[in-house]
There are 2 protein chains.
Amino acid sequence: MPEATVARLPVYLRALNALAETGRTTVSSEALATASGVGSAKLRKDLSHLGSYGTRGVGYDVQELVFHISRALGLGQRWSVVLVGVGNLGQALAGYGGFDDRGFRIAALLDADPARTGELVAGLPIRLLSDLADVVRDEGVSIGLIATPAAGAQDVCDRLVACGVRSILNFAPTVLQVPEDVDVRRVDLSNELQILSFHEHRKAAEAEVVPA
Amino acid sequence: MPEATVARLPVYLRALNALAETGRTTVSSEALATASGVGSAKLRKDLSHLGSYGTRGVGYDVQELVFHISRALGLGQRWSVVLVGVGNLGQALAGYGGFDDRGFRIAALLDADPARTGELVAGLPIRLLSDLADVVRDEGVSIGLIATPAAGAQDVCDRLVACGVRSILNFAPTVLQVPEDVDVRRVDLSNELQILSFHEHRKAAEAEVVPA
DNA sequence: GTTTGTGAAAGGATTCACAGCA
DNA sequence: TGCTGTGAATCCTTTCACAAAC
């Protein structure tokens, strides 16, 4: 399965869930593509990697597609995640409601600062970073979220890897060095803004050369 | 300039700034590539789109590269952004320290809930969503951040576009429909987790077929 | 008639490998 | 000798366009 396809499956899944809530039972590639912000040919090619679940002349059964995409994404089971770094952003992530209903469960909140141990955030007590190995073992954690400042992120990452965590979502503004069997995905606000800046800058330059 | 290259320039920029802080004045493509988590050939090809600023046998001058990448990204000017939706996530974004020093300035915080008007968050008063047009005009806003619940995101997006904002960073878990001259970038936590889930699932399946 | 699934073509991005320069 | 810059080759992704199926 192409990586580009994998990255789009969650988008389709969300669009399908929204459709299901409106009572729709079937959907064409054209309609689902529009709702997902892609072209219909791309959508069909993506779905073809899952198997042949459409009906020619009709479209796709919404529930059936939800099932097959969920299965492909490995959402049949609940994944336990550990969140390290309960600062500004970490608290917002802990309070984010979209975890439970999408198959993810926050097993624990960890922070390096002993002064915060025991504090309740989103109903969970903050524990010490040094409890990491216990948490990962006892709770069956397979995904780590890093929401620490940049300076501490690599250390946290190394600890996660040492505990056997091989999937990491990194919100710290730094590039993590990991063994090749570990997947890291980065979410970086400044990066995104700077990419927008590039395009905005380009648009402004074009507007100047070709004035209205 | 290839889009894939644009998306990596902010990463290089951050790595270069980190190097500058350690006192390094020059860097090879190999070293910068490692710090950025990419291959050296890819890095050199990316930088070649900016011009020829390296010295064979030596490497790149750190400050000079910072300058050229910043210029290419349009970071010579300060961009004003407006943040709409001051909930859980919105507050975390408002409190994020990385705006100012990277050339972005939060011009205003807006929320649709009148009960929150006037409340101070990160030193800024929350204003009503209906003030949007005034804010965009008076503050010269060119980038919009949407941190509302999914249900309100498209409406906010439409308002931003109507005010002339053509660059949007969307944190709401929904796909926005916009005219083609508007750039939207999406940051979606569940999407990222689901992509990790896919890979974790695949790794688990492989480990079963080929047991250690 | 409508819509899927998919070969084939086109377009991008990455990697290779080395000429050219310091 | 060391490292950049870049054509050429490879790989991946998207788009086209249509036969097959309903």
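Quick note on labels: first sequence line is chain A, next is B, and so on, each numbered from 1.
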OP1 or OP2 of D:dC3 versus the side-chain N and O atoms of B:Y53: is any pair under 4.0 Å?
no

Can a side chain N or O of A:S52 be found less than 4.0 Å away from OP1 or OP2 on C:dG5?
yes

Euclidean distance, A:L73 CG relative to B:I195 CD1, rounded to 0.5 Å
8.5 Å

In terms of the nearest nucleotide of DNA chain D, which residue is placed more toward the 5' end: A:G57 or A:A4?
A:A4

OP1, OP2 of C:dT14 versus side-chain N and O of B:R8: anything below 4.0 Å?
yes

Under 4.0 Å from OP1 or OP2 of C:dT3: is there any side-chain N or O of A:S28 that close?
no

Over all heavy atoms of both residues, which pair between B:R44 and B:S29 is shortest? Give the atoms and the distance, please.
NH1-OG, 3.1 Å

Would you call B:D155-B:R159 a salt bridge at under 4.0 Å N-O?
yes

Length of the line joining A:L50:CG and C:dT6:P, which is rounded to integer Å
12 Å

Please work out which of the three classes, parallel, tilted or perpendicular, describes the rings of A:W79 and B:H201, given edges at 30° and 60°.
perpendicular

Confirm from the modelled atom types if A:R44 and C:dG5 form a donor-acceptor pair under 3.5 Å, side chain to base only.
yes

It should be established whether A:S29 places a side-chain nitrogen or oxygen under 4.0 Å from OP1 or OP2 of nucleotide C:dT4.
yes

What I want to check is whether an N or O donor and acceptor connect the side chain of A:R56 with the base of C:dT3 at under 3.5 Å.
no

Side chain of A:Y60 only, please: which of C:dT4, C:dA8, C:dT14 is the nearest?
C:dT4

